[in-house]
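Read the structure below first, then the notes.
Treat the numbers as computed from the prediction; the structure is a model and nothing was measured.
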Amino acid sequence: AVVSTQSGHYGRDCGPLEMVLSNLFPAALGPMIMRSHIFVSWFWFGLVLFSTTLAHGGYHVPFLFSPEAHDYHHKVFNCLFGTLGVLDKLHKTDRPFAGSVNEKRHFVSFSLAPVKDIYPEPLKPGHSKAE
């Protein structure tokens, strides 16, 4: 089944191998290497869960990082594979995102106005705004 809406809990929607290699191991690696105190580790895991929920929630929350690049990745599935965008630039997997309305929305908003109202989806040919 194809899911047409986003929800924060879809960030954990993956297979067991992907869950361990892509979700659990990277989040635990920092506290393991640094031998962090348990309270610091729990705080870190809370930030990781908050970030994942924000990235998969479908909302551009004011004063927080934009989820637009991640939303675009889930929209087309063939670009923007990295977290920071460095490897996407290197391997040119960021090209479809460049120039899209999602790229225009990809900023930290300091306004309470919805970003999708500031940069609306372009109209499809043959459609009017009233439709």
Side-chain angles (χ1 to χ4, degrees):
V2 175
V3 178
S4 61
T5 60
Q6 294 182 342
S7 178
H9 69 85
Y10 291 132
R12 60 171 173 66
D13 196 17
C14 59
L17 185 63
E18 182 183 4
M19 176 60 96
V20 171
L21 295 178
S22 298
N23 296 340
L24 298 177
F25 185 67
L29 191 59
M32 285 171 31
I33 289 172
M34 299 306 295
R35 302 180 67 177
S36 299
H37 190 275
I38 189 69
F39 292 123
V40 174
S41 297
W42 279 110
F43 181 75
W44 171 250
F45 292 133
L47 285 176
V48 168
L49 288 171
F50 177 74
S51 174
T52 300
T53 302
L54 184 64
H56 290 93
Y59 294 103
H60 195 139
V61 181
F63 310 107
L64 297 176
F65 291 111
S66 166
E68 293 294 331
H70 198 83
D71 288 350
Y72 192 79
H73 163 74
H74 282 282
K75 181 178 177 181
V76 299
F77 290 107
N78 64 356
C79 67
L80 301 174
F81 299 105
T83 303
L84 301 176
V86 176
L87 291 176
D88 289 308
K89 282 242 187 266
L90 180 69
H91 296 287
K92 297 178 176 57
T93 56
D94 63 340
R95 286 189 175 171
F97 182 66
S100 70
V101 70
N102 296 81
E103 184 193 36
K104 292 178 185 173
R105 296 177 186 153
H106 192 57
F107 61 93
V108 176
S109 174
F110 295 103
S111 169
L112 296 178
V115 176
K116 291 184 179 181
D117 287 352
I118 298 169
Y119 294 103
E121 291 286 335
L123 292 175
K124 294 179 182 174
H127 291 86
S128 67
K129 190 170 185 146
E131 292 179 9

Practice problem: Evaluate the criterion side chain to side chain contact (heavy atoms under 4.5 Å, CB included) for residue pair Val40 and Trp44; output intermediate values, then yes/no. | Solution: CA-CA 6 Å; Val40 174; Trp44 171 250; 5.5 Å; no
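Here the OH-CG distance, from Tyr59 to Asp71, works out to 11.5 Å after rounding to the nearest 0.5 Å. Interatomic distance, CZ of Phe65 versus OG of Ser109, reported as 13.5 Å (0.5 Å rounding).
In this structure a side-chain-to-backbone donor-acceptor pair under 3.5 Å is missing from Asp94 to Cys79. Thr52 contributes a side-chain N or O that, together with a main-chain N or O of Val48, makes up a donor-acceptor pair within less than 3.5 Å.
Annotation for Ser66 and Arg105: closest pair OG-O, 3.6 Å, computed over non-hydrogen atoms. Nearest heavy-atom pair, Leu64 versus Phe50, reported as atom, atom and distance to 0.1 Å: CD1-CZ, 3.9 Å. Residue Val101 comes nearest to Tyr119 through the heavy atom pair CG2-O, 3.6 Å, listed as atom of the first residue, atom of the second, then distance. Nearest heavy-atom pair across Ala28 and Pro31 is O-CD, 3.4 Å. Here the closest heavy-atom approach between residue Ala69 and residue Leu80 is recorded as O-CD1, 3.4 Å. When all heavy atoms of Pro26 and Leu21 are compared, the closest pair comes out as CD-O, 3.3 Å.
Both Ile33 and Phe25 are part of a single hydrophobic cluster, where members link through side-chain heavy atoms under 4.5 Å apart. Connection of Met34 to Leu29 is established within a shared hydrophobic cluster, with ILVMFWY side chains joined at heavy-atom distances below 4.5 Å, either directly or through further cluster members.
Applying the ring pair (Phe, Tyr, Trp, His ring centres under 6.0 Å) rule to Tyr72 yields the partners Phe97; only residues at least two apart in sequence or on another chain are considered. Partners of Lys104 according to the side-chain hydrogen bond (donor to acceptor under 3.5 Å, both in side chains) rule, which considers only residues two or more places apart in sequence or in another chain, do not exist here. With sequence neighbours excluded, no residue forms a side-chain hydrogen bond (donor to acceptor under 3.5 Å, both in side chains) with His60.
The environment of Phe39 atom CZ is sparse: at most 12 non-hydrogen atoms of other residues, nucleotides or ligands sit within 6.0 angstrom. For CZ of Phe45, the number of neighbouring non-hydrogen atoms (other residues, nucleotides, ligands) closer than 6.0 Å is greater than 12. Under a cut-off of 6.0 angstrom, the local environment of CZ in Phe43 is sparse, with at most 12 non-hydrogen atoms contributed by other residues, nucleotides or ligands.
Glu68 has no carboxylate O lying under 4.0 Å from a charged side-chain N of Lys75, or vice versa, which leaves the two without a salt bridge.
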